[in-house]
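Proteins come first, then strands; the chains are lettered A, B, ... in the order of their sequence lines, and each starts at number 1. Bear in mind that the values here come from a model prediction, so they are computed numbers and not experimental data.
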Number of protein chains: 2
Amino acid sequence: MARQPKGVTISDVAAKAGVSLSTVSRALNGNPTVDPELVVRVQDAAAELQYSASPVARSLVLGRTQTVAVVVPDLANPTFQAILRGVSRAAAADEYHVLVADSAESVDEERVLATATRRRTDGVILCSPRLAQDELDRLIGGLRPVVLINRSAGDAPTVRADYRGALGAELEHLRALGHRRIVFLAGIERSVANAARLEAIEAFRAQHPDVEVNEIACGVDFDAGAAAADAVLASQATAALAFNDLVAMGLLSAVQDRGRRVPADLSIVGFDDIPFARYTTPPLTTARVPAEEIGVQAWERMRGQLDGTAAAPALSLTPELIVRGTSGPPPA
Amino acid sequence: MARQPKGVTISDVAAKAGVSLSTVSRALNGNPTVDPELVVRVQDAAAELQYSASPVARSLVLGRTQTVAVVVPDLANPTFQAILRGVSRAAAADEYHVLVADSAESVDEERVLATATRRRTDGVILCSPRLAQDELDRLIGGLRPVVLINRSAGDAPTVRADYRGALGAELEHLRALGHRRIVFLAGIERSVANAARLEAIEAFRAQHPDVEVNEIACGVDFDAGAAAADAVLASQATAALAFNDLVAMGLLSAVQDRGRRVPADLSIVGFDDIPFARYTTPPLTTARVPAEEIGVQAWERMRGQLDGTAAAPALSLTPELIVRGTSGPPPA
DNA sequence: CTGTTAGCGCTTTCAG
DNA sequence: CTGAAAGCGCTAACAG
């Protein structure tokens, strides 16, 4: 691996301006204790030489890289893409850079990437980490400053979507439409996101004993949803609540392929409101997770730690129920 | 902005192992000229102290950051997301990190980000840069090593999708189905991507004077496609070729809202084959741009420059025509 | 206000 | 084979 071609350094500027290194450093960093005339001379010299200080050298001496890491479980997931976008834009506005790392849903990778990227950055934002709780608790100590998305651990700032509340709203929506047999297509068994959804279901059952809510093991992507179609239809449920929009879309497509009409024969509701949820036929009823906003808020909390500002409180954004075309009254 | 808490340094390890700094450095970097027994002692000490060398310090002394930058015009675009994913995964496999920068379709930002991110990385991958050709030519000199995606400039390695060829294939497909009046929904006027498509149309016209191909100014997203619906229907064309899938989906949706059937009344073909193109109703006929593969190949070319390997040749990947449900014979 | 000096944490000559 | 010393390019005391 070749080394960088050596560029123009601060010494070159100092020589050209006829001053010392420190004066160049001060002048260029806006230190007010520099003769205005010298400042101009230095700036001119720097401009002529197209000089700008080496970020790497500054990072070493300042102990700060102006970069944060974002670790996501899957860069192919639209929700994580939106969160990354939010972080990226918000951080850029504050002159920070973003290092991305995709753990590809591997817990081992996640652990390694979190620590490895942390060392080359000033902090790390862990997006829906898949790590078990005890491991996460242990890990974040060495990661600080850290911001967690959709998880909590110790005193680390958190930004989350309120899955519990939103799923509850979806269940209420279906019940209000008249549904009494609902099936939930579960995501990844042991995942935290899934657990939050199951809690919401539990609470709903307790409150509405007249409604039957059953679970079907499913998965998190389009194919998983499609594969669950037969089980859903066999269950006699009049409405299906999918773990996320991808699953809902897979189910929608497979169910329609089998000649059933949505929502006349079966109502389907998703979760996330990914960009394409509006464009299914009929458009998907879902709960809108403000993913980009989550990214922005995560950055906000990171910046708070970085500049020592009062830490912004933990934030829980409740996804808004978006009623579109895939939910309706149950068949008569 | 707070400084890093100071961690354990190489000196701590040296002290603990009872050797000098240099020996620790050598031992940990697998330099063979170290007494095997000392190597063990050093490794043990390092392990006990949980030491690992500061990437920032190494970057400074080695002149290499083990990081590359990827500059994209829009992180919300599924194609760029896929390219980023490809680069990210391929680079990770080679122990490289990825810094992302989103220029948000701003030419000015793009120029600034390219230079700024380059300084903290070992090279930059410019994804469909929006910069004018002369500016791009000028810019890449100071950016090397650089890889261009969907553009060419000087001798910079390039990976591109063959828009021209693929659009030609789509036109042939429509003609074979019997269409003789085709309308093209153009993207951003002055963009390179649009120019390539117009060239393809020109070539097709020359070869098939019996087919009429007209252009309609449109845009690049769903709403632009939807907004063009009336113009498309008014044009009397029997088939519409959209700048990309988003536009095609917008058009599809709006046309169906107006009670027209696709493809019975109008055929629609897209471009890109974004993940959701399969899931429209009917599924979208399009040309598959292997975006993630483009990312992988871009990394391949970056790595070639980084390790001085023979530079991989420029690569043009031809998108495959994916015939699905939105294209059919023209109405009788 | 400015220059000199000492590092930031590491790798790599250069001696031994 | 190992240690001492010289930097990588920059900032920040510390003197003047």
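- In this structure, the CD atom of A:E37 is 14 Å from the C1' atom of C:dT2, given to the nearest Å.
- Between A:I188 and A:V220, the closest side-chain pair of non-hydrogen atoms falls below 4.5 Å.
- Across all strands shown, A:S54 has heavy atoms under 4.0 Å from sugar-phosphate atoms exclusively, and none from any base.
- Between the P atom of C:dC8 and the CG atom of B:D12 lies a distance of 11 Å, rounded to the nearest Å.
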Considering only distance and modelled atom types, tabulate donor-acceptor pairs under 3.5 Å from the side chains of residues 131-142 of chain A, sequence neighbours left out.
| residue | atom | partner | partner atom | Å |
| --- | --- | --- | --- | --- |
| A:Q133 | OE1 | A:R151 | NH2 | 3.1 |
| A:Q133 | NE2 | A:D137 | OD1 | 3.1 |
| A:Q133 | NE2 | A:S152 | O | 2.9 |
| A:E135 | OE1 | A:R111 | NH1 | 2.5 |
| A:E135 | OE2 | A:R111 | NH1 | 2.6 |

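- With rounding to whole Å, A:Y51 atom OH is found 7 Å from D:dG9 atom C1'.
- Atom pair B:I10:CD1 and C:dT12:C1' shows a separation of 12 Å (rounding to whole Å applied).
- In this structure, A:R120 atom CZ and C:dG9 atom C1' are separated by 14 Å, rounded to whole Å.
- For A:S52, the side-chain hydrogen bond (donor to acceptor under 3.5 Å, both in side chains) test picks out B:R119, with sequence neighbours left out.
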Identify each atom pair where a protein N or O and an N or O of nucleotides 3-5 of chain C are less than 3.5 Å apart, giving names and distance.
| residue | atom | partner | partner atom | Å |
| --- | --- | --- | --- | --- |
| C:dG3 | OP2 | A:S20 | N | 3.0 |
| C:dG3 | OP2 | A:S20 | OG | 3.1 |
| C:dG3 | OP2 | A:T23 | OG1 | 2.6 |
| C:dG3 | N7 | A:R26 | NH1 | 3.3 |
| C:dG3 | O6 | A:R26 | NH2 | 2.3 |
| C:dT4 | O4 | A:S22 | OG | 3.0 |

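- Here the nucleotide nearest the side chain of A:A57, chosen from D:dC10, D:dC8, D:dA12, is D:dC10.
- An end-to-end axis angle of 50° holds for the helix from C:dC1-D:dG16 to C:dG16-D:dC1, taken from five base pairs per end and rounded to 10°.
- A search for side-chain hydrogen bond (donor to acceptor under 3.5 Å, both in side chains) contacts involving B:E110 returns nothing, not counting sequence neighbours.
- Comparing C:dG9, D:dC10, C:dT11 by their closest approach to the side chain of A:A53 singles out D:dC10.
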Which atom pairs, one a donor and one an acceptor, fall under 3.5 Å between side chains of residues 40-51 of chain B and the rest of the protein, sequence neighbours left out?
| residue | atom | partner | partner atom | Å |
| --- | --- | --- | --- | --- |
| B:R41 | NE | B:A17 | O | 3.1 |
| B:R41 | NH2 | B:A17 | O | 2.9 |
| B:E48 | OE1 | B:K16 | NZ | 3.2 |

